[in-house]
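Residue numbers begin at 1 in each chain, while the letters A, B, ... track the order of the sequences.
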Amino acid sequence: DAGITQSPRHKVTETGTPVTLRCHQTENHRYMYWYRQDPGHGLRLIHYSYGVKDTDKGEVSDGYSVSRSKTEDFLLTLESATSSQTSVYFCAISAGSNQPQHFGDGTRLSIL
Amino acid sequence: AQSVTQLGSHVSVSEGALVLLRCNYSSSVPPYLFWYVQYPNQGLQLLLKYTSAATLVKGINDFEAEFKKSETSFHLTKPSAHMSDAAEYFCAVSETGDDKIIFGKGTRLHILP
């Protein structure tokens, strides 16, 4: 299995608070991705990174920011969490364009 | 822009019966195609991938998929379903040179005893 660790695995927080989710990889892969998974919507890309300090938006990026200061870590931040951001968040990594993505076990985030 | 349509959000088959999960894609250039499986409370795992080397692709756990360009399809099959195959399955497409993969909405497979 690809070495991907997401933390925390579960989090409950209140509306308006900042939240940061961490993805850590040990594969030295160039690409890292953040998705959210919601019933009826499948997986939707939030942001992705194609190298250190190189990031781009996905289809549902509003309300989220990311940072990648080193190859192995990709952080997802909700600056001011809203109830609509309650979801399961997955990190994925890939060695390159058109290569399969390998997923972490997810973070279940509940915003009350 | 590429897209993926999975026909049927839920599919039920009897144990031992053929599994057929349908996927149609849209892409303006030769695509890369993937099938993933997700078990409860886990991340997605790669089942198989099509990268133009062969139209019939074999994956793990006896799953296979056939790329049909004329039908823009990449259906997933397994000859004989096992109870352990109960999971959600996602088809995905990536266009040549694209950094991103687009996922379908998923099909939940139920296995009846």
Side-chain angles (χ1 to χ4, degrees), chain A residues 1-7 9-10 21 23-25 27 29-51 54-61 68 74 87-109, chain B residues 1-10 21 23-25 27-53 57 59-60 63 65 67 74 87-108:
Chain A
D1 290 346
I4 308 168
T5 304
Q6 291 187 232
S7 58
R9 292 294 316 281
H10 302 271
L21 308 183
C23 179
H24 178 77
Q25 61 146 328
E27 305 297 318
H29 280 354
R30 177 182 174 193
Y31 290 86
M32 299 186 76
Y33 304 82
W34 276 110
Y35 293 90
R36 60 178 290 174
Q37 185 176 28
D38 304 287
H41 291 276
L43 270 79
R44 293 181 290 176
L45 181 65
I46 304 171
H47 283 280
Y48 72 101
S49 170
Y50 47 95
D54 293 323
T55 65
D56 204 351
K57 295 180 179 180
E59 68 173 296
V60 291
S61 60
R68 192 170 178 198
F74 193 33
S87 186
V88 181
Y89 291 85
F90 286 98
C91 174
I93 65 174
S94 172
S97 295
N98 304 131
Q99 296 299 307
Q101 294 180 13
H102 302 281
F103 286 77
D105 287 332
T107 294
R108 188 171 297 274
L109 178 62
Chain B
Q2 69 269 40
S3 65
V4 174
T5 302
Q6 292 185 239
L7 299 177
S9 58
H10 292 265
L21 303 181
C23 172
N24 288 91
Y25 70 91
S27 176
S28 57
V29 298
Y32 291 75
L33 295 160
F34 309 88
W35 274 101
Y36 285 83
V37 60
Q38 184 181 31
Y39 299 102
N41 299 314
Q42 295 185 22
L44 278 69
Q45 301 172 33
L46 182 68
L47 270 180
L48 50 82
K49 62 181 179 181
Y50 166 76
T51 58
S52 78
V57 182
I60 61 173
F63 281 96
F67 173 70
F74 190 56
E88 190 156 21
Y89 292 79
F90 293 91
C91 182
V93 64
S94 178
E95 289 189 338
T96 303
D98 197 344
D99 298 337
K100 301 185 294 295
I101 293 178
I102 303 301
F103 289 86
K105 294 190 187 309
T107 297
R108 187 168 296 278

Going from [atom1] on [X] to [atom2] on [Y], what distance comes out if it is rounded to the nearest 0.5 angstrom?
X: B:Asp99; Y: A:Arg30; atom1: CG; atom2: CZ; result: 7.0 Å
X: B:Ile101; Y: A:Tyr31; atom1: CD1; atom2: OH; result: 11.5 Å
X: B:Ile102; Y: A:Glu59; atom1: CD1; atom2: CD; result: 6.5 Å

Using every non-hydrogen atom in the two residues, find where [X] and [Y] come nearest and quote the distance to one decimal.
X: B:Lys49; Y: A:Pro100; result: CD-CG, 3.6 Å
X: B:Leu44; Y: A:Phe103; result: O-CB, 3.5 Å
X: A:Phe90; Y: B:Gln38; result: CZ-NE2, 3.3 Å

Checklist entry - Looking at A:Asp105, A:Asn98, A:Leu43, which makes the most heavy-atom pairs under 4.5 Å with chain B? => result A:Asn98

Checklist entry - If we only count heavy atoms from C-beta on, is the A:Gln101 to B:Tyr36 side-chain gap below 4.5 Å? => result yes

Checklist entry - Is it the backbone or the side chain of A:Gln37 that comes under 4.5 Å from a heavy atom of chain B, or both, or neither? => result side chain

Checklist entry - Which residue pairs pass the salt bridge (Lys or Arg N to Asp or Glu O under 4.0 Å) test when at least one of the two sits in residues 40-50 of chain A, sequence neighbours left out? => result A:Asp38-A:Arg44

Checklist entry - In chain order, what residues pass the salt bridge (charged side-chain N to carboxylate O under 4.0 Å, His left out) check against B:Glu88, with sequence neighbours excluded? => result B:Arg108

